[in-house]
Amino acid sequence: MNLNDKLTAIVPRLSPVPGAGPLDANTVLQAHELPATISVRLNPHKPSAAFKEHTVVPWLPDTGRYLDHRPVFTLDPLFHSGAYYVQEASSMFVGQAFQHLVHRNAPLRVLDLCAAPGGKSTLLASLMQHDDLLIANEVIQPRAAILAENLTRWGQMNTWVSNNDPKDFARLNGYFDLILIDAPCTGSGLWRKDAEAINEWSVEHVKLCSERQKRIVADALPALKEGGILFYATCSYSAEENEDICDWLCDNLSLESLPVPVADSWHITATRSARHQAFGYRFYPWQLKGEGFFLAAFRKQTATTEAPRREKQKNKGQMQGKSKDETARWQAFLDHDFRAIERNGEYYGVASTHTADLELLQTMLRIRKTGTALGKIAGKDAIPDHELALSIHLSPAVARLPLGREEALLFLKKEEIRKDNPSKGWQVATYEGWGLGWGKWLPNRMNNYFPKNWRIRMDIK
Ligand code: SAM
């Protein structure tokens, strides 16, 4: 069976959607023939000229931009500096839901439970303020590493990465103001980008995903505070993974469904679940510029019984706060209010407002990125970490060496840069003002400290 035949067979098996009716195979097939739309989201903390004048994504006009063709992002140094993130347009709707439903009376604590590779985490991070805290979690370890890499590029100290199973969050009773669950799903909404999702689709797989989705939300929900907001999202067309889950959440977890404002001109399909009339928002590629996506928002009504307490038994290698002097040593690098924390000889910068969060969270979670990695001390020298070079808080006092595009690409390939440079020592190599990584300068060449496993492997000519 070829892919088109498979699609023709699958679409009639998708359950009809209340408010939207059954999907018709021809419409889905026609959308499948067209290329997927390409879009990026700009980093508001690293403004640049890149894509600024492109068509805006209507539900995220400040930072969402459509591209009319796919450039080779690997060959754009601004991509490596974190000036933008390549993200599918429909999923940027999380920003619209955040802006309308999340009210900020005090610093926010946000959990992105299924976060890798980090599209929605970087979006949430951009909408948060410096004293808010985002825990971006990913259960699969190698994917957690990619998530940490993308959040490092994004450059914020208030975004941490954990590598935990959803049930590990249950102990954090009532801790978070907002939880986003972008659940693993059958991925039917991504059919035109991912042929594998067509091959893997089956009624049994929908059922398996739906059971797992319920389990994931139920496991994490105790960590949401009373009155806190839950965003539930998938990239599936199946009602079993979307509206039916909303009904299940209203029945079993005392959640109140919330509407998200949408303009008619966006062509988003608003749906209601069969039993509770819960609000849902579907993105169909044949109606708008974006891939298949679903989002629903809820408020938690039940009270949490007990505030989370620090676990008595300490994990091995806990982070220790350092004296004011130790912090002062790293202060030359960052223009931000933070404390230096040390673990096994590595230093991390944690915003002063988040040190109590670290004390609690490190007893319960496997934290893979804590604030901003600062570096190590070797004798009298501070050896700066790569994360510092990408930080949005990098101090203006840190020496920088601006590179042109070709030099920047050589730097990103971890090649030697030969250039007359009057100053010696550590400098941040920059491209259009934003850090790419560290170099240590000798009179006429530079030792390139760009991380080996991040380097560009493709031909740059
Ligand atoms: N939110 C991400 C973004 O915007 O870039 C995409 C997340 S993807 C739809 C779902 C994620 O859930 C994957 O990274 C996957 O590894 C993770 N996942 C898979 N099984 C899981 C489980 N049982 N519990 C929690 N997360 C799981």
Side-chain angles (χ1 to χ4, degrees), residues 39-41 43 57 59-60 63-64 73 82 84-98 110-127 134-154 159 161-170 172 178-191 193-194 196-197 200-201 205-223 230-238 241-242 245 283 290-296 365-366 368-369:
S39 44
V40 297
R41 193 167 31 71
N43 187 338
V57 174
W59 41 89
L60 195 71
T63 54
F73 291 113
Y84 61 89
Y85 188 96
V86 184
Q87 186 180 32
E88 193 287 298
S90 302
S91 49
M92 296 181 196
F93 187 62
V94 168
Q96 167 77 356
F98 182 97
V110 177
L111 170 64
D112 183 0
L113 185 66
C114 309
K120 295 178 193 68
S121 297
T122 50
L123 168 54
L124 290 170
S126 292
L127 297 171
L134 171 66
I135 305 297
N137 179 70
E138 170 57 44
V139 66
I140 298 173
Q141 207 203 322
R143 289 180 61 80
I146 295 167
L147 174 65
E149 187 176 324
N150 284 329
L151 285 173
T152 293
R153 278 200 197 96
W154 213 241
T159 58
V161 171
S162 61
N163 173 213
N164 283 80
D165 189 276
K167 65 177 174 328
D168 299 338
F169 287 88
L172 282 163
L178 168 68
I179 299 183
L180 163 65
I181 301 185
D182 186 22
C185 67
T186 50
S188 40
L190 301 180
W191 274 338
K193 279 172 93 174
D194 178 9
E196 206 40 45
E200 282 176 5
W201 195 93
H205 193 209
V206 172
K207 194 163 183 304
L208 186 141
C209 285
S210 143
E211 291 307 315
R212 183 169 55 193
Q213 287 149 357
K214 291 175 196 164
R215 208 168 50 239
I216 290 174
V217 187
D219 280 347
L221 205 68
L230 170 76
F231 292 158
Y232 173 80
T234 73
C235 48
S236 163
Y237 292 135
S238 293
E241 298 180 75
N242 298 329
I245 298 285
F283 290 67
E291 302 310 300
F293 181 64
F294 174 83
L295 183 119
L365 302 177
R366 274 194 304 275
R368 294 288 183 242
K369 167 176 155 30

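Counting convention: from 1, in listed order, for ligands and their atoms alike.
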Carboxylate-amine/guanidinium contact K120 D112, below 4.0 Å: no
From L180, I135, I216, residue fulfilling side chain to side chain contact (heavy atoms under 4.5 Å, CB included) relative to L113: I216
Residues in the immediate environment of ligand 1 (any heavy atom closer than 4.0 angstrom): C114, A115, A116, P117, G118, G119, K120, E138, V139, I140, R143, P166, D182, A183, P184, R212, I216
Minimum heavy-atom distance P222-A170, with the two atoms named: CB-O, 3.7 Å
Considering all heavy atoms, the nearest Y232-E241 contact: OH-O, 2.8 Å
L365 backbone acceptor or donor facing N164 side chain under 3.5 Å: no
Partner set under side-chain contact (heavy atoms from CB on, under 4.5 Å) for R215, not counting sequence neighbours: R212, D219
